[in-house]
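The block underneath contains the structure these notes are about, expressed in C-alpha cells.
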Amino acid sequence: MPNIVETIREMPVRQKVTMLVVLAVSVAALVLVFAWSQKLDYRLLYSNMADSDAGAVVQKLKEMKVPYRVEGGGILVPEDKVYDLRLQLASQGLPHGGGVGFEVFDKTDFGTTDFVQRLNYRRAMQGELARTIMALSEVEQCRVHLATPEKSLFVQEEAKPSASVLVKLRQGRTLSQGQVQGIVHMVSSSIEGLNPRDVTIIDSRGEMLTRPAEESSLSSSQLEYRRNYERDIESRVVGILEPVVGKSKVRAKVTAALDFTKVEKTEEKYDPDGQVARSEQRSNEKSSSGTSGGVAGVSSNTPAKAVTKAAGGQGQSQKQNETVNYEISRVTSHVVNASGEVKRLSVAVIVDGTYAGQAGAKERKYAPRSEEDIRRYEDLVRKAVGFTADRGDEVRVVNMQFEGAPQEEFGEQPRQIMPIIAAVAKYAVPIVAVVLFFLFVVKPVMKTISVPGAGKRSQAALPEALAELEKAISSQDRKALTGHDQVIEWAKKNPDQAANLIKGWIGE
C-alpha cells in the first residue's frame, strides 16, 4: 500500500488527471448500464379512452401506488402488472366505456336546473346504449350520439329525433347485417319517437354499416348473402392471382346481380307407352234348351182328335266376357327453385406491374405487364368465378401501377427478433460492462500503480531510450551519427534493429 501511494504521488499531474477522468467516466457508464438494465418495461393498459374514464383510471392507479405513464393517448403501466391491474379495475367497473351512464343520477343536487337534468339524461342514455352495444363480442369501442329536439306546444310539426352510432370493431371481426339491424332497432326502441330509418351506424373507418335507402327492397339476410357471395368471389380471384403476380399486387371487386325470387312448380307426366296390366277378369256362359208337341194350329187344339206330335228340337247359346285394367306410368315432380340465383356477374381486377432493381439506385424501376400475361390472367379469372357468357357476365383485368412504393421484398421477410435481442441485452450488457471495466480500466490502473517507480521511468524514458539506442548502434555507425537526422537515417537502414528496440520500450 505505501508503494502504491508513493507511485501515485510520483506520477505527473497530467497522468493523474487522465487517470481520474477515465475512472470517473467508466464508473458513470457502469452506473448507467446498471440503471438501464433495472429500468421497468412499460406496456399499454388502456388506450383511446374518454377523458372521464382516463381520469378515473389514473386516480385509481395513484390510490394503488402503481407507477404509470401517459403517452400517445394511452396509459402505460409496468409490464408484469398489466393483466392484474385490468382485472382489479374491471372488478371496480373501470373503465366505464361509452361515457357515463345512469350513475350520473346517483348523487342528488337540489340546485340542478331543468336544462342540466335533461342534458344529464341524454348523456346517461348515450352511455347506457354504448355499453349495451359494446356487449357484442365484435365491438371493441362504441360512441352513441342522440339528437332529441325539445318539445314545443307552438310547433305543429315537431322535428324527429335521430341517432348516430360509431363502432370500433376488433381486428379481423365484422358485423353481420342481422347484428346491424339489431343495433338499429335497439336504439330506436330506446328513444321515444325515433324511427329506425333515422339511425345511422358507421365504423371507425367511416364506412356506412346501415342499409342504404335504394336497397330497401332486399332484406338484411339477402343483402348479407349477396355481400358474402361477392367477397367469396373476390377472395377467389385474389387467391388465384397472388401466387403469380405477387402478394398485395392485385385488387378485385365483384358486383353480383342475384335473383331472390322463390318459384315452386308441380308437374305430372304420363307415359302412354309405359302401360302395365294391373288386373284381368274373364267370364264364360253356356246354355242349351229342348221342346216336344204338335203342330201349332187349330187342329191341335181340337178335342177328340188324334194329334200328330212333331219331332222335338234343341238350342245352345254361349256368352264370354273379358275385362283388363291397365296402369299408365305417371311422374309427379315438385320443383322449388332456390332463391339467390346468379343472374349476372361483373368482375373488375387491377394488377400491379413488375419492379426491377437498378445498380446504384435504391428505387426499383416499374415495368408494365405484357398483353399476353393480361390475357392469361383474364382466362384464370373466368375459370375461377364460373364465367357464363349466356347470362352476360363480364370480366376485366387491367394492369396499372399501384400508388406508393412497392412492398415486395426479395427473399424472406426479416423476423421480428428485436424484442428477443432487447430482452437478452437487458441481462447480458451489465455482465459485459463489468468484464470490460475490469479488463480495460481496473487492470491497467492497478498494473501502473503496482509498478514501482513508474513515474520516474516515465520521466527518464527519453534518456534511457537514447542510451539503449546508442548501445544498439555499432561503433562504425556511431561516428557517422551526430544528430537527429542521423538517427532517422540509421533507423531507415536498420529497420529490424529499430523495431526490436521499440518493442522493448513498449514491453517495459
Side-chain angles (χ1 to χ4, degrees), residues 169 171-177 180 202-218 222-260 340-414:
L169 304 179
Q171 187 173 6
R173 307 294 293 272
T174 57
L175 288 176
S176 64
Q177 279 299 314
V180 172
I202 61 173
D203 61 8
S204 56
R205 297 175 298 177
E207 295 183 1
M208 184 81 68
L209 300 182
T210 48
R211 184 175 65 234
E214 62 269 16
E215 297 180 345
S216 59
S217 60
L218 299 179
Q222 291 172 346
L223 277 173
E224 185 177 2
Y225 178 83
R226 192 186 72 178
R227 290 175 181 173
N228 290 338
Y229 179 80
E230 292 174 348
R231 292 193 189 102
D232 179 64
I233 298 296
E234 291 171 1
S235 64
R236 290 187 197 177
V237 174
V238 174
I240 198 172
L241 290 183
E242 268 194 345
V244 180
V245 302
K247 188 174 180 60
S248 302
K249 285 193 171 185
V250 57
R251 297 289 185 273
K253 285 298 179 183
V254 176
T255 302
L258 305 181
D259 185 9
F260 293 98
E341 181 182 2
V342 180
K343 293 297 184 182
R344 191 169 180 271
L345 200 63
S346 299
V347 183
V349 183
I350 301 178
V351 179
D352 196 8
T354 58
Y355 295 87
Q358 295 179 341
K362 296 182 179 180
E363 297 183 356
R364 290 180 289 170
K365 185 179 179 180
Y366 172 81
R369 300 185 184 270
S370 63
E371 293 294 333
E372 184 180 358
D373 290 340
I374 298 300
R375 286 194 296 269
R376 286 204 299 261
Y377 298 157
E378 286 187 356
D379 186 59
L380 288 174
V381 172
R382 287 191 180 96
K383 289 180 171 57
V385 303
F387 178 83
T388 303
D390 295 339
R391 66 187 181 193
D393 292 353
E394 292 182 356
V395 174
R396 184 71 183 277
V397 179
V398 179
N399 177 214
M400 299 180 67
Q401 184 178 8
F402 286 8
E403 185 69 22
Q407 300 297 326
E408 182 185 10
E409 296 291 343
F410 295 100
E412 296 183 357
Q413 295 292 334

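Quick note: numbers below take in every heavy atom, side chains included, and nothing from hydrogens, waters or symmetry partners.
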Minimal non-hydrogen separation, Met208 against Thr210, with atom names = SD-OG1, 3.3 Å

task = Drop me the distance from Glu230's CD to Lys253's NZ, to the nearest 0.5 angstrom.
result = 9.0 Å

query = Hey, what do you get for CG (Asp352) to CD (Gln401), rounding to the nearest 0.5 Å?
reply = 6.5 Å

Nearest-0.5 Å distance that lies between atom CD1 in Ile240 and atom OG in Ser235 = 11.5 Å

query = Closest approach of Ile374 and Asn399, non-hydrogen atoms and distance?
reply = CD1-CB, 3.7 Å

key: Rounded distance [0.5 Å steps], CD in Gln222 versus CD in Gln177   = 12.0 Å

query = Do Val351 and Val398 have side-chain heavy atoms sitting under 4.5 Å apart?
reply = no

key: Nearest atoms (heavy-atom pairs only) where Val238 meets Ala252   = CG2-CB, 4.2 Å

ask   = Hey, does the side chain of Asp393 reach the backbone of Thr388 with a donor-acceptor pair shorter than 3.5 angstrom?
value = yes

message = Checking side-chain contact (heavy atoms from CB on, under 4.5 Å) between Lys383 and each of Val381, Asp379, Leu380, which is the one that passes?
response = Asp379

key: Polar side-chain atom of Arg344 near backbone of Ala257 as donor-acceptor pair, under 3.5 Å   = no

inquiry  = Would you say that more than 12 heavy atoms from the other residues, nucleotides or ligands in this model lie under 6.0 Å from the CZ of Arg376, or not?
reply    = yes

inquiry  = Would you compute the distance between atom CZ of Phe387 and atom CD of Glu378 and round it to the nearest 0.5 angstrom?
reply    = 9.5 Å

query = Minimum heavy-atom separation for Met400 to Tyr366, with atom names?
reply = C-OH, 3.8 Å

key: Check: Thr354 side chain, Ala367 main-chain N or O, donor-acceptor pair, under 3.5 Å   = yes

note = When rounded to the nearest 0.5 Å, the distance separating CD1 of Ile350 from CG of Leu241 is 12.5 Å

inquiry  = When you measure from the side chain of Glu242 to the backbone of Val250, do you find a donor-acceptor pair of N or O atoms at a distance under 3.5 Å?
reply    = no

inquiry  = Let's go through Tyr377 and Val349 carefully: what are the C-alpha distance in whole Å and the side-chain angles of both, what is the deciding distance for side-chain contact (heavy atoms from CB on, under 4.5 Å) to 0.1 Å, and is it a yes or a no?
reply    = CA-CA 9 Å; Tyr377 298 157; Val349 183; over 6 Å; no

ask   = Counting only N and O atoms by type, is there a donor-acceptor contact under 3.5 Å from the side chain of Glu341 to the main-chain atoms of Asp259?
value = no

